[in-house]
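Here's the structure, in structure tokens; my notes come after.
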Amino acid sequence: MRKFLVLGFAALLAACSSNDGGGSGQQDAPTAEAPATPGAEPLKVALPQLAYRYTLSFLLPDGRLAETQEAHRALCEQLGPARCQLVALTRDDAEGRAGSAVLKLRVAAADAPYFTGEAGRQVAAAGGRALNTNVAGDDVSKDLTDTAARIHQRELLVARVTETLRTRKGTVGELVEAERNVAGAQEELDKARAWQRELQGRVAMAEVEIHYQPLAAPASGASVGAALGEAAQGSATMFVWGLQLLLSLAIYLLPWAAVFGAGVAVATLLRRRNRAA
């Protein structure tokens with residue numbers, strides 16, 4: 001009896017071992033045979049073509065405005081003509097005092113953030129501050145796509161009509177009309193290409209416009225005295241100018257007054273004689 005129990009227990013252990021091995025095989029097989037999961041394909045998104053425009057306004061001390069504007073122009077020259085181009089520079093200098101000023105530049109789009117940031121740091125170093133900053137991006141993607149399609153169509157038209165002219169198939173009138181079509185299509189093609197270059201240039205080069213406003217110096221005893229002196233000098237100038245005007249007017253009117261007085265005197269004398277008679 002004990003022998004049969006030992007044999008039964010051994011058979012049970014063998015069956016359990018067999019089941020464990022089979023279960024392990026069934027779990028490992030799918031993992032080994034499953035193909036590697038392919039990576040997800042990156043979503044291709046067309047980036048918008050933006051033409052950026054930076055508008056900056058700074059408030060600067062009167063004596064540092066021109067210096068700061070020249071520093072910004074020098075910063076543009078350091079970048080080189082391929083990355084920065086001077087478009088316009090204006091500054092109002094009246095009686096030795098700096099007035100408002102404007103600097104217009106075209107800066108490479110990749111360098112525009114650096115340029116504007118450096119310009120702001122130079123203004124802060126000069127004792128000025130920023131009034132406002134405006135950055136705007138104009139999406140020209142649709143214009144570029146439409147222009148590219150128009151160029152492709154015109155190229156096909158020019159090639160087709162040119163082939164017609166080359167093979168000389170058709171009447172004289174048809175050939176003349178084909179030449180006109182080629183000339184018109186070529187003109188439209190040139191305009192479209194020029195517009196495409198302009199759009200690409202706007203995307204590549206950002207417009208930067210910097211406005212400068214003078215910050216008046218605080219009033220002092222010397223400045224007040226100078227202002228009063230200028231007011232007194234202006235008042236004296238106006239008085240002399242008015243006196244000169246009155247004297248000039250008197251000189252012009254004196255002969256006419258003399259003639260008028262003489263006429264009145266003659267008329268009065270004749271009237272008296274008539275009454276006496």
Side-chain angles (χ1 to χ4, degrees), residues 46-144 194-234:
L47 296 177
Q49 300 295 310
L50 299 177
Y52 285 99
R53 179 181 180 86
Y54 293 75
T55 304
L56 312 176
S57 295
F58 296 116
L59 191 63
L60 286 152
D62 191 0
R64 304 296 298 275
L65 189 148
E67 176 185 348
T68 305
Q69 187 184 31
E70 290 299 326
H72 291 170
R73 184 178 64 85
L75 179 62
C76 178
E77 292 179 351
Q78 291 176 3
L79 293 176
R83 299 165 60 189
C84 185
Q85 302 166 3
L86 176 64
V87 178
L89 187 152
T90 59
R91 184 170 60 243
D92 297 332
D93 295 326
E95 299 180 357
R97 296 180 179 179
S100 60
V102 179
L103 182 64
K104 295 181 179 181
L105 307 166
R106 297 183 69 220
V107 184
D111 297 322
Y114 161 76
F115 181 88
T116 54
E118 187 65 24
R121 285 188 287 271
Q122 291 179 351
V123 168
R129 59 185 177 86
L131 287 178
N132 58 68
T133 302
N134 185 18
V135 181
D138 184 16
D139 191 355
V140 297
S141 304
K142 185 177 184 302
D143 293 337
L144 283 170
W195 177 239
Q196 185 183 46
R197 288 192 297 268
E198 182 177 347
L199 291 175
Q200 291 172 346
R202 289 175 57 190
V203 173
M205 304 292 287
E207 296 181 7
V208 179
E209 185 171 333
I210 306 176
H211 297 263
Y212 307 87
Q213 295 293 333
L215 176 63
S220 61
S223 62
V224 172
L228 293 176
E230 291 180 0
Q233 183 179 0

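These numbers come from the heavy atoms of this one structure, side chains and all, not from hydrogens, waters or symmetry mates. Residues take their numbers from the sequence shown, with the count starting at 1.
Side chains of Y52 and V107 form no contact here, defined as non-hydrogen atoms less than 4.5 Å apart. Looking only at side-chain heavy atoms (C-beta outward), H72 and V123 come within less than 4.5 Å of each other. Counting only heavy atoms from C-beta outward, the side chains of Y54 and L105 never approach each other to under 4.5 Å. Residues Q200 and V140 fail the side-chain proximity criterion, which asks for heavy atoms closer than 4.5 Å. Using a 4.5 Å cut-off on side-chain heavy atoms (C-beta onward), L215 and L60 make no contact.
Of all heavy-atom pairs spanning A101 and L65, the tightest one is CB-CD2, 3.8 Å. Closest approach of C76 and L86 over heavy atoms only: SG-N, 4.3 Å. Here the closest heavy-atom approach between residue A66 and residue R91 is recorded as CB-NE, 3.6 Å. Considering all non-hydrogen atoms of both residues, I210 and F115 come closest at CD1-CE2, 4.1 Å.
A distance of 10.5 Å separates CG in L103 from CZ in F58, rounded to the nearest 0.5 Å. Annotation: the span from L144 atom CG to R202 atom CZ amounts to 9.5 Å, rounded to 0.5 Å.
The existence of a salt bridge linking R53 and E209 is confirmed by a sub-4.0 Å separation between a basic side-chain nitrogen and an acidic carboxylate oxygen. Checked for salt-bridge contact, R73 and E77 meet the test: a charged N lies under 4.0 Å from a carboxylate O.
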Original post:
Under the side chain to side chain contact (heavy atoms under 4.5 Å, CB included) criterion, do L131 and R129 qualify, and how do the steps go?
Top reply: CA-CA 6 Å; L131 287 178; R129 59 185 177 86; 3.8 Å; yes

